[in-house]
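Not measured: the values here are computed from a predicted model. FYI, side chains are in, hydrogens and waters are out, and symmetry mates aren't considered; it's all heavy atoms of this structure.
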Amino acid sequence: MAKQNVAEQFVDILARAGVRRMYGVVGDSLNPVVDAIRRNSAIDWIQVRHEEAAAFAAGAEAQLTGTLAACAGSCGPGNLHLINGLYDAHRSMAPVLALASHIPSSEIGLGYFQETHPDQLFRECSHYSEMISSPQQMPRLLQTAIQHAVGRGGVSVVALPGDVAAEAAPDRAVEHALVTARPSVRPGDAEIDKLARLVDGARRVTLFCGSGTAGAHAEVMEFAERVKAPVGHALRGKEWIQYDNPYDVGMSGLLGYGAAYEATHECDLLILLGTDFPYNAFLPDDVKIVQVDVRPEHLGRRSQLDLAVWGDVRETLRCLIPRVRVKTDRRFLDKMLKKHADALEGVVKAYTRKVEKHVPIHPEYVASVLDELAADDAVFTVDTGMCNVWAARYISPNGRRRVIGSFSHGSMANALPQAIGAQFLDRDRQVVSMSGDGGFTMLMGDFLTLVQYDLPVKVVLFNNSSLGMVELEMLVAGLPSYGTTNRNPDFAAIARAAGAYGVRVEKPKHLAGALKDAFKHKGPALVDVVTDPNALSIPPKISAEMVTGFALSASKIVLDGGVGRMLQMARSNLRNVPRP
């Protein structure tokens, strides 16, 4: 039997850790590892056109599965291209192992061609970033990197010089036991008892939920019913908590809607569940606040807490629910449900008037039709900017759909490469990239990755020929828009030239048919929808000071517009409010 080299051993360890794909661009120092993957049936090499797309794809795969994913870049400029996607994966708590191949080990520190110091460069966007300097070191270092990524939720980076990767592995390589899943964490009884006393002592309790409520929907609903609490959410909590939720009062923050802002400010106990909501200007400073989070470093960094609880949301609520008294007074909950329904009634009208005839097409209308036609288990990847707005307000969660975006890092160009990672997981599941023209063109080269692998991703392009969110930022700051206009081609023609299905839509009456045809197409498809660049309107009562921090209650709906089927749900919930 031929002796293994370090690269082959590296790939074997990744395979044992559950990695099934490595995304990247081949080249020089990375070649030994790519060749090892070629000869290993457990892992596929996925060739992308830009390493940033590789990192985004791996991050999306890790977010969807909760398990380790991997990407790689060659020495110097190759692995530097990974950094933006790795920042996004790290801030999304996605377990990703990044291989940053390195120049020959004998040349490190001597200003060699393409020399960088990846073990230093990636430290800010990783839990662990180290260099392998000898074959004997590799198995333990890679194991440590994997355990950091999986155990702490985020990125680990391993720098590996090409010459070390090609060396013979030690004869007696130890097969280490690998950590491939995170444990559940419950708080101590003392913290649970303190929390129970706070809940029992409060007359008006509000729950505000983030992505940490994943897997805890039933427990949140049971707790909300027990204490008669309205339930609001941050953007990353929407997919986990909004569906089948009779206590829903909408979303707070820059893209917020409904009564979430009022519910968080008019309670006397606010419980933050699994959210690291960054906009502290939207959080109250005159009510008692409890925060529950599995990452202790998140506790108290956004607002002053009366109690910090370190634990999983699900495990914490399972311990807490039996210890709190049942509340019978629904007045606060019912008041917030009514405010929520009224708020949605008010804003939904803005884009329901003659939308079928409006040219250019309202982007809100596009998102609404997309929500109706997409599969019940579709994965939506969403570009940062205005696509975030349309997804937040129109894509209806149901417990089976997923919505992935650069919601914490806020990078442009994330949707297309994230769709690549999502589609490789399951070719039979519908994956829709909600792309803006700015984000799409930034990494447009990786549309060719869809064609090369015949990935059936459907790109719905919101083409308003502008950087819409940036224009809004300039507008609210009192600046004229400048440098925000894009001169765009016919993207559908480009898609067809690349060998994909492409259709351009300029009239609303053609939209539904175009989307249906694209969804029926077996391979990659692009629907280039020409949308209205003036679809933004600012509420009339926003002052310059309010805009600066988006802080006051009148700014809770910064962008006027509809909220799709959420209005129907709010009306349904309102019907459940007891009548005197």
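We find the CH2-OG1 distance between Trp390 and Thr531 to be 8.5 Å, quoted to the nearest 0.5 Å. One distance of note links OG of Ser74 with CG of Asn79; it measures 7.0 Å at 0.5 Å rounding. Interatomic distance, Phe10 CZ to Leu97 CG, rounded to the nearest 0.5 Å: 5.5 Å. Note: Met251 CE to Phe277 CZ = 8.5 Å, rounded to the nearest 0.5 Å. With rounding to the nearest 0.5 angstrom, the CD1 atom of Ile37 is 5.5 Å from the CH2 atom of Trp45. Annotation: the span from Leu416 atom CG to Met442 atom CE amounts to 12.5 Å, rounded to 0.5 Å.
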Exercise for review: Run the numbers on Val220 and Cys209 for side chain to side chain contact (heavy atoms under 4.5 Å, CB included), then give the verdict.
Suggested key: CA-CA 9 Å; Val220 173; Cys209 302; 4.1 Å; yes
Check your understanding: Val157 and Tyr128: side chain to side chain contact (heavy atoms under 4.5 Å, CB included), yes or no, with the steps?
Key -> CA-CA 6 Å; Val157 181; Tyr128 185 85; over 6 Å; no
Point to revise | Audit row: Val389, Glu364, side chain to side chain contact (heavy atoms under 4.5 Å, CB included) steps and yes/no | key: CA-CA 9 Å; Val389 180; Glu364 299 84 354; over 6 Å; no
Exercise for review: Dump the intermediate steps for side chain to side chain contact (heavy atoms under 4.5 Å, CB included) on His358 and Asp532, then the final yes or no.
Suggested key: CA-CA 9 Å; His358 184 89; Asp532 188 353; 3.0 Å; yes
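His81 is linked by a side chain to side chain contact (heavy atoms under 4.5 Å, CB included) to His50, Glu51, counting only residues two or more places apart in sequence or in another chain. Under the rule for a salt bridge (charged side-chain N to carboxylate O under 4.0 Å, His left out), the partners of Arg295 that lie at least two apart in sequence or sit in another chain are Glu297. Under the side-chain hydrogen bond (donor to acceptor under 3.5 Å, both in side chains) criterion, Asn5 pairs with no residue at all, not counting sequence neighbours. In this structure Ser408 satisfies the side chain to side chain contact (heavy atoms under 4.5 Å, CB included) test together with Arg91, Arg236, sequence neighbours excluded. For Arg39, the side-chain hydrogen bond (donor to acceptor under 3.5 Å, both in side chains) partners two or more places apart in sequence, or in a different chain, are Glu8, Asp35. Shown here are the side-chain hydrogen bond (donor to acceptor under 3.5 Å, both in side chains) partners of Ser92, two or more places apart in sequence or in another chain: there are none. In this structure Thr67 satisfies the side-chain hydrogen bond (donor to acceptor under 3.5 Å, both in side chains) test together with Thr65, sequence neighbours excluded. In this view, Leu64 and Val379, Arg402, Ile404, Ala422, Leu425 satisfy the side chain to side chain contact (heavy atoms under 4.5 Å, CB included) rule, not counting sequence neighbours. Partners of Arg496 according to the side chain to side chain contact (heavy atoms under 4.5 Å, CB included) rule, which considers only residues two or more places apart in sequence or in another chain, are Ala492, Ala493.
With salt bridges taken as basic N to acidic carboxylate O contacts below 4.0 Å, none links Asp248 and Lys238.
Remark: the backbone N or O of Arg314 is not paired with any side-chain donor or acceptor of Asp312 at under 3.5 angstrom. Between the side chain of Asn388 and the backbone N or O of Ala391 there is no donor-acceptor pair closer than 3.5 Å. Side-chain atoms of Asp446 come within 3.5 Å of backbone atoms of Arg49 as a donor-acceptor pair (strictly under, hydrogens ignored). Side chain of Ser156 to backbone of Ala145: a donor-acceptor contact under 3.5 angstrom is found. With hydrogens and angles disregarded, no donor-acceptor distance shorter than 3.5 Å links the side chain of His233 to the backbone of Leu235. When atom types are taken as modelled, the side chain of Glu239 and the backbone of Val403 share a donor-acceptor pair closer than 3.5 angstrom. One N or O on the side chain of Ser101 and one on the backbone of Cys75 form a donor-acceptor pair closer than 3.5 Å. Between the side chain of Thr441 and the backbone N or O of Asp437 there is at least one donor-acceptor pair closer than 3.5 Å. In this structure, the side chain of Tyr394 does not engage the main chain of Val369 through any donor-acceptor pair within 3.5 Å. With hydrogens and angles ignored, the 3.5 Å screen pairs a side-chain donor or acceptor of Asp383 with a backbone N or O of Gly436.
At least one side-chain heavy atom of Gln63 sits less than 4.5 Å from a side-chain heavy atom of Gln418. A heavy-atom distance below 4.5 Å is found between the side chains of Val359 and Pro508. Counting heavy atoms from C-beta outward, Cys125 and Ile83 have side chains that approach closer than 4.5 Å. In this structure the side chain of Leu30 never reaches within 4.5 angstrom of the side chain of Val26, judged on heavy atoms. Side-chain contact between Met221 and Ile241 is present, with heavy atoms from C-beta onward closer than 4.5 Å. When side chains are defined from C-beta on, Ser466 does not count as touching Asn486, because their heavy atoms never get closer than 4.5 Å. Residues Met22 and Ile46 have side chains not in contact (no heavy-atom distance under 4.5 Å, counting atoms from C-beta outward). The closest side-chain heavy-atom distance from His127 to His90 is below 4.5 Å.
Nearest heavy atoms, Ser411 versus Phe56: OG-CZ, 3.6 Å. Of all heavy-atom pairs spanning Val48 and Thr449, the tightest one is CA-OG1, 3.7 Å. Considering every non-hydrogen atom in both Val313 and Gly274, the closest pair reads CG2-N, 3.5 Å. Shown here for Tyr257 and Gly250, the closest heavy-atom pair between the two residues is CE1-CA, 3.6 Å. The heavy-atom pair separating Val451 from Ala500 by the smallest distance is CG2-CB, 4.1 Å. Here the closest heavy-atom approach between residue Thr381 and residue Ala415 is recorded as OG1-O, 2.8 Å.
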Pairs under 3.5 angstrom only: tabulate donor-acceptor contacts from the side chains of residues 513-529 to other protein residues two or more places apart or in another chain.
unit_1: Asp528; atom_1: OD1; unit_2: Asn463; atom_2: ND2; d: 3.1
unit_1: Asp528; atom_1: OD2; unit_2: Phe491; atom_2: N; d: 3.1
unit_1: Asp528; atom_1: OD2; unit_2: Arg504; atom_2: NH1; d: 2.8

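Put simply, the residue from Asp88, Asn414, Asn84 that forms a side chain to side chain donor-acceptor pair (under 3.5 Å) with Ser406 is Asp88.
Applying the salt bridge (Lys or Arg N to Asp or Glu O under 4.0 Å) definition to pairs two or more places apart or across chains, those involving residues 61-71 are Arg21-Glu61. The list of side chain to side chain donor-acceptor pair (under 3.5 Å) pairs with a residue in residues 423-434, not counting sequence neighbours, reads Ser433-Ser435.
Side chain to side chain, Asp244 and His217 fail the donor-acceptor criterion of an N or O pair below 3.5 Å.
Ring geometry, Tyr87 versus His409: the interplanar angle falls under 30°, so the pair is classed parallel (tilted spans 30 to 60°).
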